[in-house]
Asks: 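The structure that follows is given in the form of structure tokens.
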Amino acid sequence: MSVQPGDRNQAVEGHWEVEGDYDADGAVCVRGAFTPEQVGWATEAIDENLSALSPRAKRASADGDGAFIEDFCNWNRLPAMERFIKESPGAEIAAQLTGSDTIRLYHDHVLVKEPGTKQHTPWHQDQPYYNVDGVQNASMWFPVDPVARSATLEFIAGSHRGPWYMPRTFLDDEAKWFPDGALAELPDFSAEPERWRVLGWELEPGDAVFFNMLTVHGAGGVSGVNRRRVLSVRFLGDDMAHAPRRWTTSPPFDGLDAEIPDGAPMDHPLFPMLWTRADGLVANA
């Protein structure tokens, strides 16, 4: 069955199940969203990316810790990643959750924590790092390895409604991009557990979490011999528009300001249309 805007938190197409309320909480878990074959595409994409990192790749853990590696924007050079993004149901799920008639790709993001990596991903929002504005968006966090509750991505329910919080670097907690004091500082969420509801799900390959780009989120380290390989895909819905920044965004899109006007849709080859409500999957059209 198809899902209408008023039914966005029910099962979509009869073969996956949404746990949670995207509109109210800003994050949900989607069970059984991807087939074993599609998990294989994502696994191949991550492993290919790790074997040939781009100049945008970075290590987000200390030298004395296990490796936490990130890389961005590799879909157009890695066939397995392009296939996963364009042929799996991620874009359709994003459309149903956001009530959008169209979904574009914003960017891909590989995040790998090798066994024994203690580095936590601190609480943060993605929106302040980006060069887009709007509310109809979804980030998909898709692990190809089983993820324990202690190592999963966690969310502060309802934080997608604002405010924007100051983005800081993961390792040294340095305020970046915005002038210090320009945005609110992150609260101590653990100090008021009755006020801040934390969401998180144990995940198996084929499950994914979807969240709004303004939802506060973070993750624990991984223990023992466990490895946590994640392919995250960012989706842009109907109202998302270009928002040029005075600073270098993460990821950067050099020269884009000269090609897309401020406030215009992200109509550009870097951001292909993946799905429309009228035509369904359009990536291979």
Side-chain angles (χ1 to χ4, degrees), residues 1-39 41-42 75 82-109 126-127 130 132-143 152-153 155 157-161 199-201 203-215 217 230-241 265-267 271-285:
M1 66 177 180
S2 63
V3 172
Q4 302 304 313
D7 302 315
R8 290 201 293 263
N9 299 305
Q10 298 178 19
V12 181
E13 297 296 326
H15 60 272
W16 59 70
E17 178 184 353
V18 178
E19 297 180 6
D21 188 324
Y22 196 79
D23 293 336
D25 293 337
V28 296
C29 177
V30 183
R31 299 290 187 190
F34 301 89
T35 67
E37 181 182 24
Q38 292 163 351
V39 174
W41 300 344
W75 68 269
E82 182 175 15
R83 184 178 189 185
F84 176 79
I85 290 170
K86 290 185 173 182
E87 298 183 29
S88 75
E92 181 180 1
I93 297 171
Q96 307 300 351
L97 292 173
T98 62
S100 294
D101 292 327
T102 62
I103 291 291
R104 288 186 181 275
L105 172 66
Y106 183 36
H107 71 85
D108 56 85
H109 186 182
D126 288 341
Q127 187 79 45
Y130 291 164
V132 291
D133 279 337
V135 299
Q136 287 177 289
N137 62 72
S139 289
M140 179 182 73
W141 195 82
F142 180 60
T152 199
L153 200 63
F155 305 91
S159 55
H160 62 304
R161 297 173 178 170
L199 304 174
W201 296 270
L203 302 169
E204 293 293 331
D207 300 335
V209 291
F210 285 73
F211 60 99
N212 186 279
M213 292 175 181
L214 203 58
T215 305
H217 57 286
V230 171
L231 177 54
S232 194
V233 184
R234 322 297 186 178
F235 298 107
L236 303 177
D238 294 342
D239 75 342
M240 300 302 293
M266 301 292 278
D267 186 7
F271 315 107
M273 187 70 72
L274 300 178
W275 187 92
T276 70
R277 194 168 301 279
D279 301 321
L281 187 70
V282 298
N284 294 319

Asks: Check the pair Arg104 / Asp267 against side chain to side chain contact (heavy atoms under 4.5 Å, CB included), numbers first and verdict last.
Replies: CA-CA 9 Å; Arg104 288 186 181 275; Asp267 186 7; 3.3 Å; yes
Asks: Exactly one of Thr276, Asp238, Asp279 should register a side-chain hydrogen bond (donor to acceptor under 3.5 Å, both in side chains) with Thr102. Which one does?
Replies: Asp238
Asks: At what distance, to the nearest 0.5 angstrom, does OG1 of Thr152 lie from CZ of Phe155?
Replies: 7.5 Å
Asks: For the residue pair His107 and Tyr130, does the interplanar ring angle fall in the parallel (under 30°), tilted (30 to 60°) or perpendicular (over 60°) class?
Replies: perpendicular
Asks: With a 3.5 Å distance limit and no angle check, can you tell me whether Asn212 reaches the backbone of Leu214 through a side-chain donor-acceptor pair?
Replies: yes
Asks: For the residue pair Phe235 and Trp275, establish whether any side-chain heavy-atom pair is separated by less than 4.5 Å.
Replies: no
Asks: Compare every heavy atom of Asp126 with every heavy atom of Ser139, then report the nearest pair and how far apart it is.
Replies: OG-OD2, 4.2 Å
Asks: Are the side chain of Asp108 and the backbone N or O of Val233 linked by a donor-acceptor pair below 3.5 Å?
Replies: no
Asks: Yes or no on side chain to side chain contact (heavy atoms under 4.5 Å, CB included) for Ile85 and Leu274, after CA distance, side-chain angles and deciding distance?
Replies: CA-CA 8 Å; Ile85 290 170; Leu274 300 178; 3.9 Å; yes
Asks: Is there a side-chain contact between Val18 and Gln96 in this structure, where contact means two heavy atoms from C-beta onward sitting under 4.5 Å apart?
Replies: no
Asks: Can you name the closest pair of heavy atoms from Val132 and Leu236 and give their distance?
Replies: CG2-CD2, 4.3 Å
Asks: Just wondering, do Leu105 and Phe271 contact through their side chains at under 4.5 Å, heavy atoms?
Replies: no
Asks: Test your reading of the model: is there a side-chain donor-acceptor pair from Asp101 to the backbone of Arg277, 3.5 Å cut-off?
Replies: no
Asks: Please assess Glu204 against Val39 for the test side chain to side chain contact (heavy atoms under 4.5 Å, CB included), listing each intermediate value before the final yes or no.
Replies: CA-CA 11 Å; Glu204 293 293 331; Val39 174; over 6 Å; no
Asks: Would you mind reporting whether Leu203 and Arg31 have side-chain heavy atoms less than 4.5 Å apart?
Replies: yes
Asks: Would you please indicate if the ring centroids of Phe142 and Phe34 are separated by under 6.0 Å?
Replies: yes
Asks: Run the side chain to side chain contact (heavy atoms under 4.5 Å, CB included) test on Gln127 and Asp133 for me, step by step, so that the C-alpha distance in whole Å, both residues' side-chain angles and the decisive distance to 0.1 Å come before the verdict.
Replies: CA-CA 8 Å; Gln127 187 79 45; Asp133 279 337; 3.8 Å; yes
Asks: Between the main-chain N or O of Ala94 and the side-chain N or O of Thr98, is there a donor-acceptor pair closer than 3.5 Å?
Replies: yes
Asks: Do the side-chain N and O atoms of Arg234 and Ser232 include a donor-acceptor pair separated by under 3.5 angstrom?
Replies: yes
